[in-house]
Amino acid sequence: MSGTVRLLLAWAALMALLALTLGAAFLPLGPAKPWIAFAIATAKAALVLWFFMEMRSERGLARLAMLAGFVWLAILFALTATDYLTRAWMT
Amino acid sequence: MTDEPRFEHPPEEAATSYLADGYSLRSWFLTTDHKRIALLYLVSITFFFLVGAGAAALIRLDLLTPQGDLLSNDGYNRAFSIHGIVMVWFFLIPAIPNVLGNFLVPIMIGARDLAFPRLNLLSWYIYILSGLLTLYVVVGGGVDTGWTFYTPLSSVYANGAVVATIVAVFISGFSTILTGLNFIVTIHKLRAPGMTWSRLPLFIWSHYAVSIIFVLATPVLAITLLLVAAERLIGIGVFDPRLGGDPLLFQHLFWFYSHPAVYIMVLPALGVVSELITAAAHKRIFGYWFVAFASIAIAVIGFMVWGHHMFVSGQSVYASAVFSFLSIAVAVPSAIKVYNWTVTLYKADIAIDAPLLFALGFIGLFVAGGLTGLMLAMLAIDVHVTDTYFVVAHFHYIMVGGSVTAFFGGLHFWWPKITGRLYNETLARIAAILILIGFNITFFPQFMLGYEGMPRRYHVYPPEFQVLHVISSMGAALLAIGYAMPAVYLIWSLLPGGRRAPANPWGASGLEWTTSSPPPQHNFIGQPVVVRQPYDYPLAHPVSRDDG
Ligand code: HEM
Ligand SMILES: [Cu+2]
C-alpha cells in the first residue's frame, strides 16, 4: 500500500469515527454515554498517532517519547482522581 | 590562551566573531545563529522586565497608604495581573533558557548550533507576536483575573481583555514548546565526540530537565486556557457548574502546568549556579550525578505536587494529604543541590567575583524560599497563611531572589564570552550586594505581613500593616537601583574602548571557555573533541582575569 493511500484510509477511518461520535451523542445510552465517547476519542487519537505522527515506522527513542506523554497523562488523571474519587468520603 | 589544551581541537585561528558577521538589520532579524537569537531574546525579555517592573512600581506605590490612594480598585487588580502575567510568561520563563541556554547549550556540548536553527528563530517570532498581543492588552483595557485565571472569575465575571490575554499566553506557549524540543534534540544528537552523558555540564542537565517540562506541561496550559476562552465566548460548560462543569477542574489543570512552571523558572537557575560555584571554587562539583539527577527528579516529581495550591479550595482532604506528602518529597532534590554546592565550596580556593556573589545570594534566598515552601506544604500552616503575603513572599524569594539573581549571576559570568568585553568588577560587586539587601528589605516584611493576616491582592488594608508595607516599598526602590546598575555598566562595557575579554577570564573549565570571546560564527574552529571529565580542576595553567 502506498503511503498516500494509507493516509487517506486513516483519514476515512477518522471521518467514520467522527460520524460515530455524532451519532452516539443522540442515542439514549444513559451512563455509558461518556465512556463510549471516550472510547471513540481514544481510537481517533490512536489513529492520529500511528499513521499521521508516523509512530508505526518509529523505533526506540521516539516511541519512548510518545510513551512519556501517556505516563504524564496518567499522572494528571490519577492525582486528579485522588480528589474527585475521595470527596464523598469527607461527609 | 595560555592554557594547555583541555580539549583536543585544532588551535584557534583568527576567525570572524559572530558579532562581526554582518551588521545589517537583516543579518539580525533573519539570523539562524543561536548566539544572535540569544541576543534578540536578551533585548526583548529586558523590555518585558521593564513593563513588569512598571506594574510592580505602581503596586508598591499604591500600597504605601492603607486606603490605596493611588489606584482604583480596578486599576490595582489590573496592575497586579499584568505584573504577574508579564513577569512569568514574558520574562522569567524565557529568561535563562532562551538567553543563556540558547547561547550556551550548543557551545557547551561542542555543537555548531541548535538542532533546528530556523525553528529557534521561529520561537523568537512567536514570542514577539504573543508579547505584542500582551502589550495590546495593557493599553486596550487590561485584565483583572490575576496570572492564575481562576474560574468562574475569568470565564464569567471578569471584565477586560481576558480572551486576548489568554490567546497571548497560548501563543507564547508554542515558543516555549519549540525551544524545549530544540534543546532535547540538540542534547541527544549534537554532542561533540567524547561528550558523553557523564561529561555533560550541569547547566546542560538542568536545561534537559526543563525542556522535558516545557514539552510535557505547556500543552496542558494551552488546552486549559482555550477551554476557559470557549466557555467565556460560546458557553461550553467545562468549569461553570450551571453548565455542568466543575470550577475546581480548572485549578487542577492550571496547577498541573503551573507548579511545573515554577520549576521551569528555577531549574535553569540551578544549572547556572552549579557552573558559577564550580568556577569560583575551582573544584570539581561534589556529587556530580546527584546534582544531575536531582534536576531530573525535580522535573518528574514536580508534576505530582500541584494540589498544594488547592488545600483550601474544597478539594478532598485525602487528596490534600497525598499532595502534602509529595510536596515535602520534592524538596529533597533541591536540598541535595544546596548541600552539594556548599560542600563544593568547603575548603576551596574561592575567587570572590561578582558571579559568585550572585550565586551565594541565590543560595541563601533559595533556601529561605524553599523552606517556607515546606511550611506551606503542611496542611495546617497553609490554612493559616494561604492567599496572604506569606505566599507572596515565598514565591518571590524563589522566583526573584532565586531565579532573577541567578540570571544576573549568569549574565555576569558569561558576559565576557557573549560580548567579548569585561565590565567594571567593582560596580558589579556593589550591584550584587545591593540587590541582595534590597531584595530582603522588600520581601522579608511580606512574610511578617502575611503571617499577621495581610491578604494578597488587596490594596486597602488595616492601618497597623502600614509600617511593614512602607518598609517593603522602600526596599523595592533600593532593589530597582540594584537592577538598574548592571544595565549601565554592562552597556558601558560595550562602548568603543571597552576592555577586551580573553577566552577564559575566570580560569573556568568547560568547552565554552576554550573558544574565543566572542565565539566565531560556528562556535569553534574545527570540531572539538572532549577528552576530560567535566569540572576537571585544577586546570593545568589557570588563566586569570587580568590575563587579557
Ligand atoms: C523551587 C521553586 C518554587 C517556586 C518557583 C515556587 C513558586 C510558587 C508560587 C508562584 C506560588 C504561588 C502561586 C499563586 O498562588 O499565585 C507558590 C505557592 C506555594 N508553594 Fe511554592 N515555589 C517553589 C518551591 C516550593 C516548594 C519546594 C514547596 C514545598 C515543598 C512549595 C510549596 C508551595 C505551596 C504549598 C504553595 C501554596 C501556598 C498557598 O497558596 O497557600 N513551593 N509557590
Ligand atoms: Cu506549587
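Chain naming here is simple, since letters A, B, ... match the order of the sequence lines and numbering starts at 1 in each.
The environment of CH2 in Trp11(A) is sparse: at most 12 heavy-atom neighbours from other residues, nucleotides or ligands sit within 6.0 Å. Enclosure of atom CH2 in Trp289(B) by more than 12 non-hydrogen atoms of other residues, nucleotides or ligands within 6.0 angstrom is indicated. For Lys33(A), the NZ atom sits in a packed shell: over 12 heavy atoms of surrounding residues, nucleotides or ligands are nearer than 6.0 Å.
Contact of Leu85(A) with chain B is not made at all, since no heavy-atom distance falls under 4.5 Å. Proximity to chain A (any heavy atom under 4.5 Å) is restricted, for Val322(B), to the side chain, taken from C-beta onward. For a residue to count as touching a neighbouring chain, one of its non-hydrogen atoms must lie under 4.5 Å from one of that chain's; by this rule Phe303(B) touches chain A with backbone and side chain alike.
Counting heavy atoms from C-beta on, the side chains of Leu326(B) and Leu79(A) come closer than 4.5 Å.
A distance of 4.5 Å separates CG of Leu249(B) from OH of Tyr84(A), quoted to the nearest 0.5 Å. Between the CD1 atom in Ile213(B) and the CH2 atom in Trp72(A) there is a gap of 9.0 Å [rounded to 0.5 Å]. Taken from CZ in Phe323(B) to OG1 in Thr82(A), the straight-line distance is 4.5 Å, to the nearest 0.5 Å. The CG atom of Leu76(A) sits 12.0 Å away from the CE atom of Met304(B) when rounded to the nearest 0.5 Å.
Ranked by heavy-atom pairs under 4.5 Å with chain B, the first of Val71(A), Asp83(A), Ile75(A) is Asp83(A).
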